[in-house]
Amino acid sequence: MDHYDEDQDYRHPEDDWDRDLLLDPAWEKQQRKTFTAWCNSHLRKAGTQIENIEEDFRDGLKLMLLLEVISGERLAKPERGKMRVHKISNVNKALNFIASKGVKLVSIGAEEIVDGNAKMTLGMIWTIILRFAIQDISVEETSAKEGLLLWCQRKTAPYKNVNIQNFHISWKDGLGFCALIHRHRPELIDYAKLRKDDPMTNLNTAFDVAEKYLDIPKMLDAEDIVGTARPDEKAIMTYVSSFYHAFSGAQKAETAANRICKVLAVNQENEQLMEDYEKLASDLLEWIRRTIPWLENRMPENTMQAMQQKLEDFRDYRRLHKPPKVQEKCQLEINFNTLQTKLRLSNRPAFMPSEGKMVSDINNAWGGLEGAEKGYEEWLLNEIRRLERLDHLAEKFRQKAAIHEAWTEGKEEMLQRRDYETATLSEIKALLKKHEAFESDLAAHQDRVEQIAAIAQELNELDYYDSPSVNARCQRICDQWDALGALSQKRSEALQRTEKLLETIDQLYLEFAKRAAPFNNWMEGAMEDLQDSFIVHTIEEIQGLSTAHEQFKATLPEADKERQAILGIHNEIAKIVQTYHVNMAGSNPYTTINPQEVNAKWDKVRQLVPLRDQSLIEEHARQQNNERLRRQFANQANVIGPWIQTKMEEIGRISIEMHGTLEDQLTHLRQYEKSIINYKPKIDQLEGDHQLIQAALIFDNKHTNYTMEHIRVGWEQLLTTIARTINEIENQILTRDAKGISQEQLNEFRASFNHFDRDHSGTLGAEEFKACLISLGFDIGNDAQKRTGIMDAEDFKTCLISMGYNLGENEFSRIMSVVDPNRMGVVTFQGFIDFMSRETADTDTADQVMASFKILAGDKNYILADELRRELPPDQAEYCIARMAPYSGPDGVPGALDYMSFSTALYGESDL
């Protein structure tokens, strides 16, 4: 129309205002009614309205008020006078404001408006409608009228009998208005019942529904449109633009609601992950708390069977109970890292577990468990060795004590006899010689008594459970030994006093006694040694025993000669007695040993020799089998140990190399993990060989430096390392996808990280991390200037000075608190990636969430529970209601909720 500058981008030739058309009463009526209703829809927000469009705007007051409402800006203070000059001034202020918005008014002056020129007034209102209601409409790169028409066509395309091509006759049947309403609010109109041949019903239905439910005032009557061959285009455009703004506002509310739903869903998921972590950490710590006292219990058992049962219980713990807990610990660390990554990606504060449930706390508790476990196994093996030694010593004590007690039986009674008082001289001399032989025998048994006492002492030192009975028996033997010494001394003195009365004694008997006694003692010692049990742990030890036994057998011919000599003495005695008819008592008065006893013991020695041979042969075979078990275990351990070390080094290389995409690396690592898990049967086979070694009581192995404990720890570390490495790659993928980081950026980050990770530990120390940030262009100064990712000459000079360890500690401490929230003193690659992604990507913020809530609240500073329930899904609406604080502002109403503090709390306090 000719009232606007032709270079306005929202104008088109068909929009030219044709003054001649205003002479058409039908069109003028439609424009009056439509424009009046449009103005009132805005003026009612200010508590007023107009009745006659050309009269009510003449003083300019309501015209200025209308412009303030639709623009949201304050105009110059109006003139309150009633004179014509005051009215013209007010209208000029309004026209100047319109012109300031980029609209050039042509042929429209303040005087014409003040004079009530209907044509000019309607032209002015149409200018305002175009500028503030239609110009800003934009659909698929079209704007104003074309944009509004395209919007109508898109929305009504699915509806039959609706073909919107213009803003006049395309709307006469009313189906276009009904289709717009049904497309956005299908519950308001039953579109299937509408007929194209009933335009009055269609139009009245659309206008009534729009006024009642959409807050769109009724701008035209159905008769105005149906009764005109070509409805007024500007009236229709004004009416349709009201539908556009009504539905576009609903779409904004829906978008705001969707944003809030997304934020709340992330928060709910994170809270569930936190609860799961707390429960898993509590269960694992409780299991460790219950297990450590069991492993620290060092109360020994009295029998080998009981201690072996404890060892079997420990094996069950290692095989059945501990492995699932190792997996739980690894899964706990993975869950913790994943949760922290999700929190960082969603711009939430880092998760801080309850006191005592940090990953470091669990690692410390696990370290205590490992320490107790290692000490417990060592204690069990030492205790079994001690009990084995005790059983051997106790049996040896009983054998020696039994032999000694058998020897001392009747000795006290013999020494207490007073037979010398009535004996003849020859009998006295015989008694004296006999006593001398007894003292020789007594001295020979001194060594055995000392051995018995030494064994008893060793049993006491080794804490033998039956030490009281051993001590009591040893004390009886020692007391008896002392008594025998005292009685022997007393009898010797008595015989010496009567020696003058005794002259002769049979020298042969004496010689027999003197030679038979040590020989008898030698045979008893030989029998004792041949029956003595032995404990060996190596082939060399059993070979030493076999050599000693062969040496003993080599002495038997000489011993047999001595036996023949002793028996010869006895035969000589018998010959003398028979020859000279000596009246003898029938037994050697100087010794209780007789030839029959010598022969019996000699035969016993000869019988024990082959038995001893057999025992040594069997033990030699057992030691050979033990050696075979040692070599079998060593052969496998010497392969598995280096294999585990090699795999650990390969995983370390994979984690720092950059071959292919993250998905390729993840696939490669999972295949690598599968190959490692497939190696488990070899570990189980080695466990079986280890059990055979323990069952055989083999305590050392010179063929390998690897113990089963080394292999177990290495295997567990290998499984944990591959799982952690896979989790790191998964978190990198999650970070990349969420932040939109390219593969080239990830490669650059990895290259920088690897360059400063000189010890290939997978982590950076504080100084290494600082140097890495500087290499990527971060200015870490004490001033919080904005990081641009580039450095000018002065910045680079400052960077070089910083590399001389003169960095700003405040800014660097702030960065370290983000990448190392647990204050471990090192930065992992995942923490490094998270930090870099935060510096290079954008995320939802608390301000965006507050803006979304403000849309739902209708621009209020608070929101009501009913509004939340209307706009959000039920569970998330209740989530907000339960957590929002009451609104305390001066404009609040009962039940008002503070969505601003709630939005801030969702994101915590973060410097980044």
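In what follows, residues are counted from 1 in the order of the sequence shown.
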Short side-chain to backbone donor-acceptor contact, Asn166 and Ser170, under 3.5 Å: yes
Any Met274 side-chain heavy atom under 4.5 Å of Leu343 side chain: yes
Flag, side chain of Lys62 to backbone of Gln49, donor-acceptor distance under 3.5 Å: yes
Lys854 side chain near Tyr899 side chain, heavy-atom distance below 4.5 Å: yes
Main-chain N/O of Lys101 paired to Arg131 side chain as donor or acceptor, under 3.5 Å: yes
Side chain to side chain contact (heavy atoms under 4.5 Å, CB included) between His184 and Lys155, worked out: CA-CA 9 Å; His184 294 90; Lys155 296 299 181 179; 3.6 Å; yes
Heavy-atom closest contact (Cys152 atom, Val240 atom, distance): SG-CG1, 3.4 Å
Separation of Lys193 NZ from Thr205 OG1 (nearest 0.5 Å): 11.5 Å
Side-chain heavy-atom pair Ile128, Leu63 within 4.5 angstrom cut-off: yes
Backbone of Pro217 reached by a side-chain donor or acceptor of Trp38 within 3.5 Å: no
Heavy-atom check, side chain of Phe853 versus side chain of Lys860, under 4.5 Å: no
Full working for side chain to side chain contact (heavy atoms under 4.5 Å, CB included) between Glu111 and Val114: CA-CA 5 Å; Glu111 293 80 0; Val114 172; 5.7 Å; no
Any donor-acceptor pair under 3.5 Å from Asn40 side chain to Ile50 backbone: yes
Nearest-0.5 Å distance that lies between atom OG1 in Thr127 and atom CG in Leu95: 9.5 Å
Smallest separation among heavy atoms of Met884 and Ile863, with atom names: SD-CG2, 4.0 Å
Test item: Ser89 and Lys93 side chains (from C-beta on) under 4.5 Å apart, heavy atoms: yes
Chi angles and distances behind the side chain to side chain contact (heavy atoms under 4.5 Å, CB included) call for Thr36, Ile125: CA-CA 9 Å; Thr36 298; Ile125 296 302; over 6 Å; no
Leu66 side, atom CG; Thr48 side, atom OG1 - distance, nearest 0.5 Å: 10.5 Å
Asp232 (side chain) donor-acceptor with Gln31 (main chain) under 3.5 angstrom: no
SB check Glu28 Arg32 (cutoff 4.0 Å): yes
Leu203 versus Ala222, closest heavy-atom pair with distance: CB-CB, 3.7 Å
NZ/NE/NH1/NH2 to OD/OE distance under 4.0 Å, Asp115 and Arg84: yes
Heavy atoms of other groups near Lys212 NZ, more than 12 under 6.0 Å: no
Derivation and outcome, salt bridge (charged side-chain N to carboxylate O under 4.0 Å, His left out), residues Glu223 and Lys33: CA-CA 12 Å; Glu223 295 81 0; Lys33 186 179 296 185; over 6 Å; no
From Lys234 atom NZ to Phe167 atom CZ, the distance as rounded to the nearest 0.5 Å: 12.0 Å
Residue from Tyr191, Tyr159, Trp171 passing ring-ring contact (aromatic ring centres under 6.0 Å, His included) with Phe177: Trp171
Shortest non-hydrogen separation from Pro78 to Met64 and the atoms involved: CB-SD, 3.7 Å
Min side-chain heavy-atom separation Leu122-Trp126 under 4.5 Å: no
Side-chain donor/acceptor of Asn270 to backbone N/O of Leu339, under 3.5 Å: no
Side-chain touch Gln153/Leu150, heavy atoms, less than 4.5 angstrom: yes
Donor-acceptor under 3.5 Å (Lys172 side chain, Thr228 main chain): yes
Chi angles and distances behind the side chain to side chain contact (heavy atoms under 4.5 Å, CB included) call for Ile216, Tyr239: CA-CA 9 Å; Ile216 298 175; Tyr239 212 153; 3.9 Å; yes
Validation row: Val266, Leu345 side chains within 4.5 angstrom (heavy atoms): no
For Phe243 against Ile181, the heavy-atom pair lying closest together: CE2-CG1, 3.6 Å
Flag, side chain of Glu233 to backbone of His168, donor-acceptor distance under 3.5 Å: no
Closest non-hydrogen atom pair between Asn161 and Asp173, with its separation: O-OD2, 4.0 Å
Short side-chain donor-acceptor distance under 3.5 Å, Tyr879 and Glu271: yes
Rounded distance (nearest 0.5 Å) linking atom CD of Glu79 with atom CG of Asp59: 12.0 Å
Approximate separation, where rounding is to 0.5 Å, of Phe35 CZ and Phe57 CZ: 11.5 Å
Side-chain donor or acceptor of Gln30 paired with backbone N/O of Asp224 under 3.5 Å: yes
